[in-house]
Enquirer: 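Dropping a structure here in structure tokens format, bear with me for questions.
A, B, ... follow the sequence lines: proteins, then strands. Residue 1 opens every chain.
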There are 2 protein chains.
Amino acid sequence: MAAIDYPAPIKALIANLKQLPGVGPKSAERIAVWLIQHGRELTGSLSSALSVAGETVGECEVCGFFSSAGVECQICESPGREEDSLCVIEHPTDVLLLERSGAFKGHYHVLRGKISPLDNVGPDDLRIAELLDRLKKGNFKEAILALSADVEGEATANYLADVLSDFDGVAVTRLAHGISVGGGLESADELTLLRALEGRIGMK
Amino acid sequence: MAAIDYPAPIKALIANLKQLPGVGPKSAERIAVWLIQHGRELTGSLSSALSVAGETVGECEVCGFFSSAGVECQICESPGREEDSLCVIEHPTDVLLLERSGAFKGHYHVLRGKISPLDNVGPDDLRIAELLDRLKKGNFKEAILALSADVEGEATANYLADVLSDFDGVAVTRLAHGISVGGGLESADELTLLRALEGRIGMK
């Protein structure tokens, strides 16, 4: 007698859900059964939201923030932003954290990570060439390094300060130590991010 | 200047994920960004698993367990199972919990809930008519009520024992109080379920 188990489509769904961050085997099973019991409308809606997001969301070639196919990145196309200050960040999600603090009105540049020899991430793996290109062509007067306050973030900031020392018209600053040391931008609340932006400190 | 936010497809995905059980707004955001950053292959795979599961998984008309379109329910089509005992359960997922205990080889009947006046669930909302029909037509010698050991489960068991008192050839039993009182079948481990099945007690 064959062992009784979920039908194959449910097992496939559980296997897919189990891969998501923060979703273990038990949660995946609970979510899958819940979805099935809530019917076709819900699975269809989530399924199409996933496929639309997967197919249309990309990365802005200029700043590295999320962009939707056919629509320019919201920040690069926005006419009201300050054209002379550039905020250098690790992840596209950091844009939203900084925007919510309300303290920055300029442009962003996503590095897509930080220098981390243990994870095999060197300067060439980050969007540093694109950063230099933007600073050469644009009219930026300040580059704010809004990186994590951990060892890799500090190393990346120091590396960038060194590389950017050739740009005479561009001041290089970093966030004040308002953000909690050892953590990423995610762990700071909006007020802390505001203080950190206001108290930024010159590096050259 | 418009507020900067995720592109619409990511927002739609977050809104969908937030509905899932155990997934809050923060987790939904983390999962959505993680999916987007892991690319089209992963979103496509989860999207199609969802749509296949949503479209093909249904409910077996006989026992109420999950069935896949075009494929009969695994339990009803299985030739090796005992034809004379029927285990009455609340949820289709209870089938797997009991199967894993290895103590039961008969057939199942899913009620799709329990009598619960506070939630507006009465006997007519459960698959009780289908149960009586199966007992009339089949050759069952025993109906095991494997319901939750909480107030609603006990009330449902008593109601069923009363209704089933007319079936002379069918013994009605309930699970022994090996399962932890106050909880559902989910909270019992496999051994506890095995003991509970072995120690079942006559009700009429």
Enquirer: Looking only at non-hydrogen atoms, find the nearest pair between A:Leu98 and A:Cys87 and report the distance.
Expert: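 It is CD1-SG, 3.8 Å.
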Enquirer: Checking side-chain contact (heavy atoms from CB on, under 4.5 Å) for the pair B:Leu86/B:Leu135: CA distance, chi angles, key distance, verdict?
Expert: CA-CA 9 Å; B:Leu86 186 65; B:Leu135 290 175; 3.9 Å; yes
Enquirer: Sort out for me which of B:Arg40, B:Lys11, B:Arg30, B:His91 touches chain A most, counting heavy-atom pairs under 4.5 Å.
Expert: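 Greatest number of close heavy-atom pairs with chain A: B:Arg40.
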Enquirer: Count the heavy-atom pairs under 4.5 Å between each of B:Val52, B:Val23, B:Leu20 and chain A, then report the option with the highest count.
Expert: B:Leu20
Enquirer: Please flag which part of A:Leu46 lies under 4.5 Å from any non-hydrogen atom of chain B: side chain, backbone, both or neither.
Expert: both
Enquirer: Are the side chain of A:Asp162 and the backbone N or O of A:Asn158 linked by a donor-acceptor pair below 3.5 Å?
Expert: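 Not a single qualifying donor-acceptor pair exists.
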Enquirer: Report yes if some heavy atom in the side chain of B:Asn139 is under 4.5 Å from a heavy atom in the side chain of B:Asp84; otherwise report no.
Expert: no
Enquirer: Picking from A:Leu35, A:Val33, A:Leu17, A:Leu13, which has the most non-hydrogen pairs under 4.5 angstrom with chain B?
Expert: A:Leu13
Enquirer: Side chain, backbone, both or neither: which part of A:Tyr6 has a heavy atom under 4.5 Å from chain B?
Expert: both
Enquirer: Could you tell me which portion of A:Ile36 (side chain, backbone, both or neither) has an atom closer than 4.5 angstrom to a non-hydrogen atom of chain B?
Expert: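 The side chain, not the backbone.
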Enquirer: Side chain of B:Thr156, backbone of B:Ile115: donor and acceptor closer than 3.5 Å?
Expert: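 A pair under 3.5 Å: yes.
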Enquirer: Would you say B:Leu147 and B:Leu111 make side-chain contact, with heavy atoms under 4.5 Å?
Expert: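 With C-beta onward as the side chain, the pair touches.
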Enquirer: Taking the side chain as C-beta and beyond, is there a heavy-atom pair between B:Val110 and B:Phe66 under 4.5 Å?
Expert: no
Enquirer: Just give me the residue among B:Val95, B:Leu42, B:Thr93, B:Thr43 that pairs up with chain A most often, heavy atom to heavy atom, under 4.5 Å.
Expert: B:Thr43
Enquirer: So which of A:Ile31, A:Leu50, A:Ile10 has the biggest tally of heavy-atom pairs under 4.5 Å with chain B?
Expert: A:Leu50
Enquirer: How close do B:Val172 and B:Ala161 get, heavy atom to heavy atom, and via which atoms?
Expert: CG1-CA, 4.4 Å
Enquirer: With chain B, which of A:Ala12, A:Ser51, A:Gly102, A:Ser27 has the greatest number of heavy-atom pairs at distances under 4.5 Å?
Expert: A:Ser51
Enquirer: If I compare all heavy atoms of B:Ala143 with all of B:Leu164, which pair ends up nearest, and what's the gap?
Expert: CB-CD1, 4.3 Å
Enquirer: Select one option (side chain, backbone, both, neither) describing which atoms of B:Ser45 are under 4.5 Å from chain A's heavy atoms.
Expert: both
Enquirer: Checking A:Glu59 against chain B: side chain, backbone, both or neither under 4.5 Å from a heavy atom?
Expert: neither
Enquirer: Examine distances only and state if a side-chain atom of A:Glu99 and a backbone atom of B:Asp5 form a donor-acceptor pair shorter than 3.5 Å.
Expert: no
Enquirer: So what's closer than 4.5 Å to chain A heavy atoms on B:Gln37: side chain, backbone, both or neither?
Expert: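 Only the side chain of B:Gln37 comes within 4.5 Å of chain A.
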Enquirer: Identify the heavy atoms of B:Lys114 and B:Ser148 that sit nearest to each other, and give their distance.
Expert: NZ-OG, 3.7 Å
Enquirer: What residues of residues 119-133 of chain A make heavy-atom contacts with chain B at a cutoff under 4.5 angstrom?
Expert: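 Answer by number: none.
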Enquirer: A:Val62 and A:Cys76: which non-hydrogen atoms are nearest, and at how many Å?
Expert: CB-SG, 3.9 Å
Enquirer: Does any backbone or side-chain atom of A:Gln19 lie under 4.5 Å from a heavy atom of chain B? Answer side chain, backbone, both or neither.
Expert: both
